Enquirer: 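One structure follows; several queries about it will come next.
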Amino acid sequence: MTRFFRDLDFLTSGLATAITGVIADLWDLNDFWYHTLSGYVMGAFGIAHVWLNRDRLVGYGRFRWRSIRGSRTAAAVSRPVGASPVGHDGPEPARPLAWLGRAMVSRRGLLGLAIGAAGGTLLGRGLRPAPPIEAGSDVGVIYHQWSKPGILDAFGSITNWGQPVELYKAYPNAPRVTLPNVALDGELDDGLATARAIATRRSIRAYAPTPMTLDELSRLLFLTSGITAGLHGNARRTAPSSGALYPIEIYAVVHRVDGVQPGVYHYAYREHALEQVRAGDFRADVVEQGIAQEFLGECGVVLFFTMILQRMRPKYQDRSYRYGLLEAGHVGENAYLAATSMGLGACGIGAFMDDAINEMLGVDGVEEATVYMLAAGKVSTAA
Ligand SMILES: Cc1cc2nc3c(=O)[nH]c(=O)nc-3n(C[C@H](O)[C@H](O)[C@H](O)COP(=O)(O)O)c2cc1C
């Protein structure tokens, strides 16, 4: 009986770990990297422990098996009718809860913990509701899981993520269009109040053939992501940026803007100017590469938001891509609200042919890639 209680001790400690394992797994309590890391370390200890004590464990298993079989045989052979089933250990002593502590620090206790943890995790997986798609068939899910702080993140931190690249991209030899200054004070209040712009913003797909003015384009770019504080180092912009690393570049494909030749332009943040990358009428290209969305050729300008991941990688490693997309969203919403406040239309675009768009802008699509687009222009009043 004593032996039975001893076994029960180990079973209980293992079970306790299993239950906590289920709870941790079901509610994702292992999201903190140090929890995950401790789990893996404990798992490794457990495996090492089992391996180092394999002879004893096998011996103990054999012994238990023999004693179970032996006591059964002995009981069948020698127990007199009506005799008490007391084993050779004698009557069961009183056992206070101190057994739990002893059980957890002993070898068998540790083994129980390891088995319990493994069992709990497996059980936890089994109790989880089935995912809507096969795990691993959505690259977004894979990326999201892999970019969580955790053991992979710990491994990732020993990878060489390289050096940050230049914060400001420049086309020094490109013809330049200087944009009118946008004052940071009273002049900004001319437009629609912020709350009203937020409340009335809509995605507009019907554009008038009237060109936008250079002032409107200047203001649109400035409010989208222009520099608002400091000109040196990581000067702050209208849109927030993780670590003020600003991975988003803006290109403008101008269709109809007074005083600006149609073409592909890069927005130079520090100079608040447009650098001409290519001259020409790109309406047909943008429509075709924007999956035949005709309004992409009817608006005044299409903004392209590209991401330079290397600006963030040395600091944010695997999480950089998450932050880059979030930042494109901030910049995009600024553009929407800026357009709305000026009475212009805007429409965010996620459906486009990546490679063709990147080629049109002259970016490689790997180190710098388009992640979001936005059409803007004079709104059509025709019903
Ligand atoms: C990431 C993103 C991608 C989008 N892509 C497109 C698109 O390719 N074509 C389009 O016509 N609208 C696109 N939209 C606009 C949505 O269709 C629009 O926001 C939605 O219908 C809600 O309407 P509202 O913006 O007028 O409130 C996109 C919006 C977002 C945020």
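Positions are given from 1 along the sequence. Indexing begins at 1, ligand by ligand and atom by atom, following the structure's order. Source: prediction; values computed, not measured.
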Enquirer: Among residues at least two apart in sequence or on other chains, which ones pass side-chain contact (heavy atoms from CB on, under 4.5 Å) with A206?
Expert: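 Listed in chain order: S380.
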Enquirer: Under a 4.0 Å N-O cut-off, is there an ion pair linking E294 with R283?
Expert: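 Salt bridge between E294 and R283, a charged N being under 4.0 Å from a carboxylate O: no.
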Enquirer: Who passes salt bridge (Lys or Arg N to Asp or Glu O under 4.0 Å) against E288, sequence neighbours left out?
Expert: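 Expected list: none.
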Enquirer: Taking any residue with a non-hydrogen atom under 4.0 angstrom from an atom of ligand 1, which ones do you get?
Expert: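 Within 4.0 Å of ligand 1, protein side: R201, R202, S203, R205, Q293, F295, Y336, C347, G348, I349, G350, A351, Y372.
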Enquirer: Can you pull the ring pair (Phe, Tyr, Trp, His ring centres under 6.0 Å) pairs that have at least one residue in residues 317-341, sequence neighbours excluded?
Expert: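 For residues 317-341: Y143-Y321, Y316-Y323.
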Enquirer: Give the ring-plane orientation class for Y267 versus Y269, where under 30° counts as parallel, over 60° as perpendicular and anything between as tilted.
Expert: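 Correct class here is perpendicular.
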Enquirer: Is the shortest distance from a Lys or Arg side-chain nitrogen in E249 or R311 to a carboxylate oxygen in the other one below 4.0 Å?
Expert: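 Yes, charged N to carboxylate O under 4.0 Å.
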